[in-house]
Amino acid sequence: MSMSFPSVDEQLQIITRGIEKIVPQDELRKKLQHSQDTGIPLRIKYGIDPTGIDVHLGHTVPLRKMRQFQELGHQAVIIIGNYTALVGDPSGRDEARSKRLTEAEVQINATTYLTQVGKVVDMSRAEVHCNGDWFSTMSFADVLALCGRVTVAQLLTRDDFAKRYREEKAIFLHECLYPVMQAWDSVKISSDVELGGTEQLYSFMLARDLQAQENLQPQIAVMSPILVGLDGVRRMGKSLGNYIGISETPYDMMKKFMQLPDGVMKMYFELLTDVPLDDVARLLAGHLKVAKVTLAKLVIAQYHSDPDAAAAAARWQSEIGGEALPTDIPEVGLDAALLAAGNLTAGKLLTALNLCPSNGEARRLIQGGGARLGEAKTAITAHDQLIPVTDGLLVWAGKKKYCRVKLV
RNA sequence: GGGGGAAUACCCGAGUGGCCAAAGGGGCCAGACUGUAAAUCUGGUGGCGUAAGCCUUCGCAGGUUCGAAUCCUGCUUCCCCCA
C-alpha cells in the first residue's frame with residue numbers, strides 16, 4: 001500500500017493548490033511522511049451541515065480537495081452534521097440565524113446532499129458519519145464536561161463572535177456550542193486533516209486541543225479561500241442567490257458563468273479546475289471572454305460531460321453572443337376572450353403572459369424600452385398601445401425573459 | 001426582577017400632525033455602450049385603472065383628530081444595562 005502513495009513533495013504540491021492556509025504549516029509534511037512510511041492513509045475530514053439541498057460550486061472547493069486526497073490514497077471521512085445543523089453555523093455571520101431546522105428536515109436534506117456530494121467525492125471509498133450518532137447519546141453531564149474544556153475567552157477569539165460582542169449584538173449560548181461540537185467530531189473520527197474554509201479556523205484549532213486531551217494526534221487544518229458568488233463580492237451562498245448549483249443544466253450554468261465579473265476568474269480557475277496556474281495566467285492575459293468560456297466549459301464538464309459543455313457554450317454563443325433566437329422559447333397560453341377585435345393593450349399582454357407581475361411593472365418596462373415584439377424585436381412604445389395579437393407572437397420583456405403567445 | 005432603547009418598503013436609513021406612496025444610499029429591473037464582464041450614463045423601483053383617480057403600506061390592536069409613519073393606550077418582538 002505504501003508504494004502507491006506519490007512522494008510527499010508531489011502530494012504537497014497537489015494539496016496546496018488553491019489553499020489559503022494550512023495550520024500548522026509544517027506538520028502536514030510530517031503527517032504525509034508518516035503515512036508514507038507506514039502505509040496508513042490519512043483520515044481526511046469534511047463536515048457539512050444539511051441545511052439546504054442545493055450543493056453549489058462553493059461547496060465543491062473543499063470537496064474537490066477531498067477528492068484529490070482520495071486520489072493520493074487517503075481516506076475520506078464525511079460528517080453529516082445533523083446535530084450541528086440544529087444549531088446553525090455562526091461562522092462569518094454577524095447575526096444569529098433566525099430559523100432552526102427540525103430533525104425531519106435535516107434528515108431529508110442529508111440524503112439529498114450525499115447524492116450531490118457523490119458527484120465530486122468517490123463515495124464508494126468514503127466513510128460517512130452523522131454526528132447525531134454520538135451527540136444524541138450524550139447526557140447533559142457529558143455536555144457539561146465537554147463545555148468545561150472551553151473557555152469563553154477562547155470562544156471570543158473567534159472573529160465573528162468578537163465582532164458581535166464588540167457591536168453588542170446577540171450571541172446565543174447554543175451558538176457557542178457549535179464550534180465545540182464540530183471539534184468533538186474530529187475527536188470521534190480521529191481526523192488527521194480537516195478541510196474547510198478559512199472561517200473555520202477557530203473550530204479546527206479547538207479540535208486540535210480536544211484531540212490532544214484525548215491522546216490523539218491533533219488534526220491539521222487545510223483551509224480554502226471562500227469562493228465568491230456571481231456578484232463577485234459576497235461569498236457564494238444559497239441565501240444570497242448568487243450561486244451556480246452543480247445540479248443545474250449545462251446551459252443554465254453556462255449563462256451564469258458568462259455573467260461572472262472578470263475579476264473572479266483567477267480564483268475560479270484555481271479552485272474549480274485543475275488547469276496549471278501558469279496556463280491560467282496565460283489564459284487571463286489573453287481575451288477574457290475566451291478565458292471565461294474555457295472556464296465555464298471545464299467546470300460544466302465536471303458535472304455533465306465534455307460534449308454537454310461544448311454544446312452549452314456553442315448555444316450561448318449563437319443565442320446570446322450572436323443574433324440567433326433562443327431555442328427554448330416557452331409558449332404561454334393566452335385566453336382569446338381577452339382580445340377585443342384581435343387586439344390587446346400592451347400592458348395587459350405582458351401581465352397576461354406572466355412576463356410582468358403587475359401593471360405597474362409592465363408600464364415601467366415599456367417606459368424603459370425593454371418590451372419588444374416579434375423576431376425583429378420592435379419596441380413597444382406605450383403602455384396602452386394596442387397590440388394585434390396572433391398565435392405564435394413573440395413577446396420580449398427585456399433580453400432575458402420572453403415567450404410565444406399560444407391562443408387558447 | 002428593575003431600568004433604558006428600538007421596530008419605516010428587498011436591505012440600510014431619514015422622516016415627530018397635513019406639502020408622505022414616504023428623503024438619501026445600496027441592491028434590483030430596464031435602456032445606451034459592451035464580451036448578457038467591468039466602468040460610465042439614463043430611466044425606474046406598492047397595487048388597481050387607458051386616464052382622472054381609487055385602494056393598501058411605516059411591528060400588532062385600539063384611540064385622539066377634519067387629518068396620523070408622526071400624538072395617546074394596550075400588546076408583541078428585539079437589543080442593551082443593572083441585579
Side-chain angles (χ1 to χ4, degrees), chain A residues 93-99 161 163-173 175 228-235 237-242 244 251-269 283-297 299 312-328 338-341 343-352 354-373 377-387 395-402:
Chain A
R93 299 231 149 205
D94 14 355
E95 272 176 50
R97 305 219 169 196
S98 43
K99 62 164 191 199
F161 281 163
K163 182 161 174 265
R164 275 206 245 164
Y165 189 73
R166 262 198 320 274
E167 294 174 359
E168 305 187 326
K169 286 187 174 162
I171 302 171
F172 290 91
L173 206 49
E175 291 184 277
V228 297
L230 298 177
D231 52 48
V233 180
R234 297 171 302 176
R235 65 182 299 159
K238 189 187 166 127
S239 55
L240 297 174
N242 61 353
I244 302 178
Y251 188 56
D252 283 340
M253 291 174 91
M254 189 71 204
K255 282 192 284 192
K256 289 190 180 179
F257 266 108
M258 295 312 286
Q259 287 181 56
L260 276 176
D262 290 346
V264 305
M265 276 200 278
K266 182 167 186 285
M267 178 187 231
Y268 273 51
F269 267 115
L283 273 165
L284 294 181
H287 195 306
L288 292 173
K289 186 192 164 194
V290 175
K292 204 174 280 178
V293 172
T294 308
L295 169 69
K297 286 205 283 193
V299 177
R315 184 172 158 197
W316 184 88
Q317 186 54 51
S318 79
E319 291 184 20
I320 292 173
E323 290 300 309
L325 289 175
T327 53
D328 63 348
L338 289 171
L339 303 182
N343 291 326
L344 191 60
T345 57
K348 285 215 170 114
L349 178 65
L350 290 165
T351 50
N354 279 325
L355 291 172
C356 292
S358 68
N359 283 336
E361 292 226 10
R363 182 189 297 113
R364 283 174 226 132
L365 182 74
I366 292 164
Q367 273 166 5
R372 296 187 158 93
L373 288 176
K377 299 195 182 182
T378 318
I380 296 172
T381 52
H383 183 237
D384 54 358
Q385 181 181 334
L386 282 176
I387 310 295
V395 184
W396 304 84
K399 288 171 188 161
K400 296 165 199 166
K401 279 195 292 184
Y402 41 79

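Every chain is numbered from 1 and lettered A, B, ... according to where its sequence line falls, protein lines coming before strand lines.
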Complementary nucleotide of [N], counting Watson-Crick and G-U pairs under 3.5 Å:
| N | answer |
| --- | --- |
| B/G1 | B/C82 |
| B/G43 | B/C29 |
| B/A38 | none |
| B/C71 | B/G63 |
| B/C58 | none |
| B/C48 | B/G53 |
| B/A14 | none |
| B/A9 | none |

What interatomic distance, in whole Å, is found between [atom1] of [M] and the corresponding atom of [N]?
| N | M | atom1 | result |
| --- | --- | --- | --- |
| B/A22 | B/G17 | C1' | 15 Å |
| B/C54 | B/C60 | P | 24 Å |
| B/G18 | B/U73 | C1' | 24 Å |
| B/A14 | B/A6 | C1' | 16 Å |
| B/C58 | B/A21 | C1' | 11 Å |
| B/G59 | B/G15 | P | 15 Å |
| B/G53 | B/C71 | P | 31 Å |
| B/G5 | B/A9 | C1' | 23 Å |

For this session: Could you pull out all residues at least two apart from A/K348 that satisfy salt bridge (charged side-chain N to carboxylate O under 4.0 Å, His left out)?
Result: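 Scan of A/K348 (salt bridge (charged side-chain N to carboxylate O under 4.0 Å, His left out), adjacent residues dropped) gives none.
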
Exercise. With sequence neighbours excluded, what pairs up with A/R315 under the salt bridge (charged side-chain N to carboxylate O under 4.0 Å, His left out) test?
Worked result: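 A/R315 satisfies salt bridge (charged side-chain N to carboxylate O under 4.0 Å, His left out) with A/E319, A/D328 only.
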
I need the [atom1]-[atom2] distance between [X] and [N], as an integer number of Å.
| X | N | atom1 | atom2 | result |
| --- | --- | --- | --- | --- |
| A/K256 | B/A37 | NZ | C1' | 17 Å |
| A/L288 | B/A37 | CG | C1' | 8 Å |
| A/Y268 | B/A37 | OH | P | 15 Å |
| A/F257 | B/A38 | CZ | P | 16 Å |
| A/K255 | B/A37 | NZ | P | 14 Å |

Identify the two heavy atoms, one from [X] and one from [Y], that lie closest to each other, and give their separation to 0.1 Å.
| X | Y | result |
| --- | --- | --- |
| A/L260 | A/K292 | O-NZ, 2.5 Å |
| A/V293 | A/A313 | CG1-CB, 4.2 Å |
| A/N242 | A/R235 | ND2-O, 3.2 Å |

Within this structure, what is the [atom1]-[atom2] distance for the pair [X] and [Y], rounded to the nearest 0.5 Å?
| X | Y | atom1 | atom2 | value |
| --- | --- | --- | --- | --- |
| A/L373 | A/I380 | CG | CD1 | 4.0 Å |
| A/L325 | A/K377 | CG | NZ | 7.5 Å |
| A/Q259 | A/D231 | CD | CG | 12.0 Å |

For this session: Would you kindly compare A/G360 and A/Q259 by the position of their nearest RNA chain B nucleotide and give the one closer to the 5′ end?
Result: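 Comparing both residues, the 5'-ward one is A/Q259.
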
For this session: Can you sort out the partners of A/D384 under side-chain contact (heavy atoms from CB on, under 4.5 Å), two or more places apart, ordered by chain and number?
Result: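 A/A382.
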
For this session: Apply side-chain contact (heavy atoms from CB on, under 4.5 Å) to A/L386 and list each qualifying residue two or more places apart in sequence or on a separate chain.
Result: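 side-chain contact (heavy atoms from CB on, under 4.5 Å) list for A/L386, sorted by chain: A/N343, A/T345.
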
When you compare the protein's N or O atoms with those of nucleotides 27-33 of chain B, which come within less than 3.5 Å of each other, and at what distance?
{"residue": "B/A30", "atom": "O2'", "partner": "A/G368", "partner atom": "O", "Å": "3.1"}
{"residue": "B/A30", "atom": "O2'", "partner": "A/G370", "partner atom": "N", "Å": "3.3"}
{"residue": "B/G31", "atom": "O4'", "partner": "A/G368", "partner atom": "O", "Å": "2.9"}

Problem set entry | B/G46 OP1/OP2 closer than 4.0 Å to side-chain N/O of A/S358 |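 Checking B/G46 against A/S358, no side-chain N or O comes under 4.0 Å of OP1 or OP2.
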
Pairs: protein N or O with nucleotides 50-55 of chain B N or O, under 3.5 Å:
{"residue": "B/U50", "atom": "O2'", "partner": "A/D384", "partner atom": "OD2", "Å": "3.3"}
{"residue": "B/A51", "atom": "OP1", "partner": "A/R363", "partner atom": "NH2", "Å": "3.4"}

Exercise. Any chance NZ of A/K256 has more than 12 other-residue heavy atoms, nucleotides or ligands included, within less than 6.0 Å?
Worked result: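 Buried by this count: over 12 neighbours within 6.0 Å.
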
